[in-house]
Amino acid sequence: MGLKIGIVGLPNVGKSTVFNALTKAGAAVANYPFCTIDPNVGIVPVPDARLKKLADMYHPKKVTPTAIEFVDIAGLVKGASEGEGLGNQFLGTIKEVDAVLYVVRCFEDGNVIHVSGKVDPESDIGIIHTELCLKDLDTVTTRIQRLEKVSRTGDKDAKTQLETLKKAAELLEAGNPIRSGTWTKEDAPVLQELQLLTQKPVLYCANVKESELPKGGPFVDVVRAIATKENSEVVVISGKVEAEVAELPEDEAILYLKELGLEEPGLNQLIRAGYKLLGLITFLTAGEPEVRAWTVKKGSTAPQAAGVIHSDFERGFIRAEIMRYDDLMELGSQHAVKEKGLYRLEGKEYIMQDGDVVYFRFNV
């Protein structure tokens, strides 16, 4: 589905360290601002234990997880909306993502320079919020000026768009993101066309010291308070630990995490949280050729899900043969699921559920 999450934050908060651990892509990490000048992109599989269990049952030639694309974007500084630092490049790249991951520094370290001179999560988040709001306000104001000229000719569509954009401008001028507003169906396409930065959903990643895992300390409490007001989620990780885990063989990584009292890498939580943030679910296909996870938006119909596999599947959709993953695991085989009457035939109106194991029938 081409889903992208942009990793943003002030310089030296651990952005590139987190990205490296996520993707093992080796993006440059250095103790100075703007080390990441060009956006780094990595495709990250979504952890899903169901795939291994299905593979053990079906013995496929191939196992393919679903994935999210992460984009590591150059560090933001105060004044970015006016071109400070690498502001224009930063703000241009972030327009292309579906959601934004704020990496927030929640650790003290005299050896790692903080661009503002001290560790202050509330201030750091405030700078990012402000710069994104200012950039959006500039975009909206420019469009308003253009539409005002058109509306004078009596163009009704221009007048309707103006109402939406003036409401957006008021919100941004007050320092509030577009996503915090209440919008109608008529407003949605007007805002969508502008690709406004503050309309994108946000997830917070609190980067802490190893000793503060798994819950974090006072700095994380500050981030949680901000996230709670926005109905956002906070994932606590240690970039240092995640970087070390990423370099270890799987068995050694498991032992290392257990020593720290952790069940899994924090990045697994981060990836799943991003998946949830975007309102996605996973359905599964299973057979001898391949066991695979597929991504669809929550609320997608069976034909829409079929179209994710191939457009012909949606165009010629006949029905979906579906069983619940939990039923399959409990009963041990597809045959047993059928005998219990739990193997269902669903039509075009069926709404896909997370964990559906599906076989699509189609004809073109």
Side-chain angles (χ1 to χ4, degrees), residues 4-19 33-37 39-40 70-107 112-140 168 171-181 195-208 219-237 239 270 273-274 277:
K4 292 184 181 180
I5 294 182
I7 305 177
V8 305
L10 300 187
N12 295 339
V13 298
K15 240 174 7 75
S16 293
T17 301
V18 169
F19 175 81
F34 315 128
C35 178
T36 311
I37 294 174
N40 293 275
F70 281 89
V71 183
D72 179 24
I73 303 168
L76 183 68
V77 294
K78 189 174 182 179
S81 60
E82 298 173 354
E84 287 296 319
L86 296 170
N88 290 332
Q89 187 169 336
F90 170 97
L91 295 164
T93 305
I94 200 175
K95 274 195 171 188
E96 300 170 5
V97 304
D98 300 293
V100 184
L101 171 66
Y102 284 18
V103 178
V104 184
R105 179 169 167 174
C106 293
F107 65 89
V112 181
I113 301 164
H114 189 286
V115 71
S116 301
K118 65 175 182 176
V119 178
D120 185 344
E122 185 173 8
S123 174
D124 291 359
I125 291 170
I127 288 171
I128 298 172
H129 275 334
T130 299
E131 294 305 319
L132 298 188
C133 282
L134 287 172
K135 185 62 177 178
D136 276 352
L137 182 58
D138 181 58
T139 301
V140 169
L171 200 67
L172 293 165
E173 283 170 353
N176 298 313
I178 293 295
R179 62 180 171 274
S180 68
Q195 290 185 292
L196 296 171
L197 310 177
T198 63
Q199 191 172 10
K200 301 175 189 299
V202 168
L203 173 67
Y204 290 93
C205 171
N207 189 10
V208 304
F219 287 139
V220 177
D221 292 338
V222 173
V223 180
R224 284 200 182 101
I226 293 169
T228 299
K229 290 178 183 177
E230 301 177 0
N231 291 320
S232 294
E233 191 172 342
V234 179
V235 178
V236 179
I237 71 164
L270 192 60
L277 177 71

A.B. asks: Are Ile5 and Val97 side-chain neighbours, meaning at least one heavy-atom pair lies under 4.5 Å?
C.D. replies: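 Ile5 vs Val97: side chains apart.
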A.B. asks: Rounded to the nearest 0.5 Å, what separates atom CG in Leu197 from atom CZ in Arg179?
C.D. replies: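 Spacing of CG (Leu197) from CZ (Arg179) equals 10.0 Å.
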A.B. asks: Looking at every heavy atom in both Pro121 and Val223, which two are closest together, and how far apart are they?
C.D. replies: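 Nearest heavy atoms, Pro121 then Val223: CB-CG2, 3.8 Å.
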A.B. asks: Side chain to side chain contact (heavy atoms under 4.5 Å, CB included), that's the test. Do Arg224 and Val236 meet it? Break it down for me.
C.D. replies: CA-CA 10 Å; Arg224 284 200 182 101; Val236 179; 3.5 Å; yes
A.B. asks: To check you understand the geometry: which heavy-atom pair defines the closest contact between Ala273 and Val235, and what is its length?
C.D. replies: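 Minimum heavy-atom separation between Ala273 and Val235: CB-CG2, 3.9 Å.
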A.B. asks: Does any non-hydrogen side-chain atom of Tyr204 lie less than 4.5 Å from one of Val104?
C.D. replies: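 Counting from C-beta outward, Val104 and Tyr204 do come under 4.5 Å.
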A.B. asks: Drop me the distance from Lys15's NZ to Leu101's CG, to the nearest 0.5 angstrom.
C.D. replies: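 Rounded to the nearest 0.5 Å, the NZ-CG separation comes out at 10.0 Å.
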A.B. asks: Would you say the side-chain atoms of Thr198 pair up with the backbone N or O of Ile178, donor to acceptor, closer than 3.5 Å?
C.D. replies: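 Yes; judged by distance alone, with no hydrogens or angles, the pair exists.
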A.B. asks: Quick one: CD1 on Ile237 to CG on Asn207, what's the gap to the nearest 0.5 Å?
C.D. replies: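 CG of Asn207 is found 5.5 Å from CD1 of Ile237.
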A.B. asks: OG1/Thr17 to CD1/Ile7 distance, rounded to the nearest 0.5 angstrom?
C.D. replies: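 Thr17 OG1 to Ile7 CD1: 10.5 Å, rounded to 0.5 Å.
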A.B. asks: Looking at Phe19, is its backbone amide N or carbonyl O close enough to the side chain of Asp72 to form a donor-acceptor pair, meaning the two atoms are under 3.5 Å apart?
C.D. replies: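 No, because the side chain of Asp72 does not come within donor-acceptor range (under 3.5 Å) of the backbone of Phe19.
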A.B. asks: Under 4.5 Å between any side-chain heavy atoms of Glu122 and Ile226, yes or no?
C.D. replies: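 SC-SC contact between Glu122 and Ile226 confirmed.
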A.B. asks: Which pair of non-hydrogen atoms, one from Val103 and one from Gly14, has the smallest distance, and what is that distance?
C.D. replies: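 Closest pair (atom of Val103, atom of Gly14, distance): CG1-C, 4.2 Å.
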A.B. asks: Would you name the heavy atoms of Val220 and Ala206 that are closest together and state the gap between them?
C.D. replies: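 Result for this residue pair: CG2-CB, 3.9 Å.
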A.B. asks: Got a second to check how far Gln199's CD is from Ser180's OG, nearest 0.5 Å?
C.D. replies: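 Answer for the CD-OG pair, Gln199 versus Ser180, is 11.0 Å.
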A.B. asks: Looking at side-chain heavy atoms only, is the closest gap between Val100 and Ile128 below 4.5 Å?
C.D. replies: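 The answer is no; the side chains never approach within 4.5 Å.
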A.B. asks: To the nearest 0.5 Å, what is the distance between OG1 on Thr130 and CD1 on Ile125?
C.D. replies: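 One finds 11.5 Å between OG1 of Thr130 and CD1 of Ile125.
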A.B. asks: Kindly indicate, with the supporting measurements, whether the criterion side chain to side chain contact (heavy atoms under 4.5 Å, CB included) is fulfilled by Leu203 and Leu270.
C.D. replies: CA-CA 9 Å; Leu203 173 67; Leu270 192 60; 3.9 Å; yes
